[in-house]
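Heads up: the structure comes next, in structure tokens.
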Amino acid sequence: MTFGSLLFLFIFFPLTLLLYNLVSEKDRLVLLSVMSILFYAWGSPSQLLVLALSMAFNYTAGIEIDRYLDKGRPGVARIALFAAVLADVAVLAAFKYTTLTMPIGISFYTFSVISYLADIYKEEAPAETSIVNYILYVSFFPKITSGPIVRYVDFKIQLEERASGKSGAGKSALGEGMNLFLIGLFKKVLIADTLGAAFGDVTGLSRMAAGTAWLGMIFYSLQLYFDFSGYSDMAIGLARIFGFRFDKNFDYPYLSTSISEFWRRWHISLGSWFKNYVYIPLGGNRCTPLRQAGNLMAVWILTGIWHGSTWNYLVWGLYHGFFVLLEKFALKNILERIPVGVRVALTDLIAMLGWVFFFSPSLSSAFQYFGKMFGSDGYGFWDQTTSFFLKERILLLIVSVLLCGPFVKNFHDTYIYRKGGAAKTISVVLYAALFLVCIAGLVSATYTSFLYVQF
Amino acid sequence: MEKTTSRRSVKRIARNRREHHKKVAQIVIGIMAAVFVLNLFLPSRGFSANENRSLAQRPKITLSGIRDGSFFTDFADYYADQFLLRDLWMSIKFHADYLMNQREFSGVYVGSDGYLLASPEKPDKEATSKTIAAMNAFAKEFSDQDISLIMVPDAAAILPDKLPGNAPVRDQLSDIRSFTMDLSDSVRVIDASQALKTHATERIYYRTDHHWTSEGAFAVFRSAATSLKVDADDVKYKAHIVSETFQGTLASKSGDHHRHDQITVYEPQGTDSLYVVNYPDLQKRSRSMFVADQLDEKDQYTVFFGGNHPMVEIRTTADNGRSLLIFKDSYANSFVQFLTPFYQTIIMVDPRYYYDDVSLVVREYGITDILFLYSADTLLVDTSLADVLNAGVEAREANAEL
């Protein structure tokens, strides 16, 4: 099940919210765990088996590591940690590199359990004794399918606050959470899905002018951002509604002035995870520049293959790693002298070109697409199709680009909340109207258009 | 003074924010709850007129369905298909997209003047070369008969000014030329595009459907009459408007339900124009090719012959010994209304549904004229015509050897 679906919005979510408000606080965690299991099982009950086995294995491993630490045997604890992590990664790799259908969210929850084991080993938190708490951490439905990747420590602290009656979410949790959830829903259904249709129009052409190929790349780059950040917003919003605070996962990445900065703004929880559990343990930047470069490259290789099992993802990872290294070691002083606007444009260009590796099914088709972007199809730079696509999507592009920065949000927050009164009402009505258009979008998505071509 | 004001305004901003969020949450959760409850009690619909298809029904819960996940996808389809006010949501989506300047919806262009125009199909090279070869072989084998071809272009090819600006459509007239170029001289190619272009300001295509109108068919008939060796001036036709509420395939496909079309039928005047239609597949006969009951159905174009049949046999009071065999798609259904005064027998064969021996038909009915009447869209990707023609040629050759 996904958040942007009719079943979630009109059955699962209202039901969960209702039950959540009916039961007492001490039963809420159990409720959320049960609903999370149901959420995960929907669509493919067999993948629940994999999750259950993984959870059981890591639960036991966590307890074992804790026990060895208590007995003063950190060496054995270390071995247990590596063995368990190896097993988890092996399972992930097995699904990635064989023809077995990959269970949904396995890339995310594998990283969650590794975080769990590592935090126990580093003695930042004890192994979880409450099964409900543990199940909730691993399979909490807002984050299980696509993150954000929440560190065990951060989750544990909030669990303890709840247990001691100090609800970290606050009284305005429902309002704040719903607001963020809706923003995410608008991003996903209204912006990302439409950009996806535009991108589909481009890739549906067997041959195209160079300009059309560039447009396609831009459509995809925007779609990916709004889809992923929209989903993260929904996840964080939902978590908030149910009493948990997650950190934001995107911070206007297309405003970055360097690729290094890009990765502090794009999929933040993944970057943090790699920093905490790979880069720093390898030595981070407290070693020779050569070693540092090696550590960085290791992180980028892993980042690439985490995203996908084909060569194009590995190349994509190396591509970004190359630019990060370049910025860190070669361009350090030059960068500061380049005007900000140019840096943003260059960073966006590098990132967008990188996404070509993302949307191409293979390395060769990625290079084929690069070829198209420089006229290899022989249709010139710009033709009628390019004009048509641009004309059809120009409003969408303008809106999307505007929303890549905080301009709209700041304007809305400053103007609407400062003025109050009529402006506030208009804004409320606008949100409701956009929600209705989202429903329209979701209902239409099931509009099969091939069933009635009658000859 | 400055500090207190800004602290007060900070508090006010925070309070406005909280109230805004609370109100939005209340409204949205209210909508979710209302939809949740209403969907539970709403009775299921069977057929969607707008989308021209049957809607999914509640799937049965089976162990295998749960195991392989098919139950969950079926349930999601069912929930969406039966969602309350589905047609209203589709309409909202259409208007929202149109507002955002989208002009192409599922292969249909929303043009000016209320016109919906289908994007012409890309020809299938393999299929067309087989069709051309089959037609040439057929023409050679049946050299006693007079053989003609009319390929009708799409609205997008004849009314390009109605397309939204810059719409990238194929040059279908050029596709038609490439096709007809390779036909042997025994197949007389009758150009339909000239007549249609001349009458472009009249309603020659439906606004909401991919077919030509009776007016368009009439224009092509009049210009083709000489080639078909009929004297069109001999007959007067009376036009009857049988519907003003036709909404065709392009409306369903695009989601644009703004316009309705008028359907006109033409009745030849004079005693030579009585006929009987025989539908072998339905074991039914009729005094008229217009099936009035079909006007109550969604696809009102089926007022012509009730739709497509493998074979239709028409016997008329025209006493001239001419027998016409038409290989067709649905475009011919609204063309035959002009032909009844000129042929004693008209046999319509739709190769997509026809499995018999067409050489037998030629022999039994003493066929004198053969007409291939197709929309370019169909013929440029069709494979069934070649099959039927080749079977006919083989059968004839086999018979000749006996």
Examine whether an atom of F13(A) lies under 4.5 Å from a heavy atom of chain B, and if so say whether it belongs to the side chain, the backbone or both; otherwise answer neither.
side chain
Taken to the nearest 0.5 Å, the spacing of L6(A) CG from Q82(B) CD works out to 12.5 Å
L15(A) portion near chain B, given a 4.5 angstrom heavy-atom threshold
side chain
For chain B, which candidate among W42(A), F435(A), Y431(A) shows the most heavy-atom pairs at distances under 4.5 Å?
W42(A)
Top contributor to chain A contacts, counting heavy-atom pairs under 4.5 Å, from K22(B), Q102(B), R67(B):
Q102(B)
Taking the side chain as every heavy atom from C-beta outward, state whether F75(B) and L7(A) have any pair of such atoms under 4.5 Å apart.
yes
Counting only non-hydrogen atoms closer than 4.5 Å, does F36(B) touch chain A with its backbone (N, CA, C, O), its side chain (CB onward), both, or neither?
both
Whatever's closer than 4.5 Å to a heavy atom in chain A on A167(B) counts as both
Under 4.5 Å between any side-chain heavy atoms of I31(B) and I439(A), yes or no?
yes
If you tally heavy-atom pairs under 4.5 Å between each of T386(A), T385(A), D413(A) and chain B, the highest tally belongs to T385(A)
Under a 4.5 Å heavy-atom cut-off, does chain A meet the side chain of R103(B), its backbone, both or neither?
both
S427(A) and H20(B) side chains, donor-acceptor separation under 3.5 Å:
yes
Can you find a heavy atom in the side chain of S444(A) that is under 4.5 Å from one in the side chain of F94(B)?
no
L442(A) side chain near F83(B) side chain, heavy-atom distance below 4.5 Å:
no
Counting only heavy atoms closer than 4.5 Å, note whether Y78(B) contacts chain A via side chain, backbone, both or neither.
neither
At a heavy-atom distance under 4.5 Å, which candidate from R15(B), R18(B), E19(B) has the highest pair count against chain A?
E19(B)
Given that the side chain runs from C-beta out, which part of L182(A) has a heavy atom under 4.5 Å from chain B: side chain, backbone, both or neither?
side chain
Looking only at heavy atoms and a cut-off of under 4.5 Å, which of M1(A), K419(A), K391(A) has the most pairs with chain B?
K391(A)
Does I104(A) CD1 have over 12 foreign heavy atoms under 6.0 Å away?
no
Can you confirm whether P168(B) sits close enough to F389(A) that some side-chain heavy atom of one is under 4.5 Å from a side-chain heavy atom of the other?
no
For the interface with chain B, which of S44(A), S5(A), P45(A), A198(A) has the highest count of heavy-atom pairs at distances below 4.5 Å?
P45(A)
So which atom in A25(B) and which in G175(A) form the shortest heavy-atom distance, rounded to 0.1 Å?
CB-CA, 4.3 Å
Contact origin within Q26(B) toward chain A - heavy atom pairs under 4.5 Å
neither
For atom OH of Y415(A), decide whether the heavy atoms of other residues, nucleotides or ligands shown that lie under 6.0 angstrom number more than 12.
no
Nearest 0.5 Å please: distance from the CG atom of N16(B) over to the CZ atom of R418(A).
10.5 Å
By a 4.5 Å heavy-atom criterion (distance strictly below it), what part of D383(A) contacts chain B: side chain, backbone, both, or neither?
neither
Rounded to the nearest 0.5 Å, how far does CG of L190(A) lie from CG of D97(B)?
10.0 Å
Using a 4.5 Å cut-off on heavy atoms from C-beta on, say whether the side chain of M32(B) contacts that of L17(A).
no
Against chain A, label L88(B) side chain, backbone, both or neither, depending on which of its atoms sit under 4.5 Å from a heavy atom there.
neither
Closest-packed option against chain A by number of heavy-atom pairs under 4.5 Å, given K93(B), M100(B), R17(B)
R17(B)
If you count heavy-atom pairs under 4.5 Å with chain A, which of T73(B), I29(B), I27(B), I92(B) comes out on top?
I29(B)
Would you give the length of the straight line joining atom CD1 of I11(A) to atom CG of N39(B), rounded to the nearest 0.5 angstrom?
7.5 Å
Is the number of heavy atoms from other residues, nucleotides or ligands within 6.0 Å of CZ (R58(B)) greater than 12?
no
Over 12 non-hydrogen atoms of neighbours within 6.0 angstrom of CD1 in I61(B):
no
Pairwise side-chain contact, M178(A) with V28(B), heavy-atom cut-off 4.5 Å (strictly under)
yes
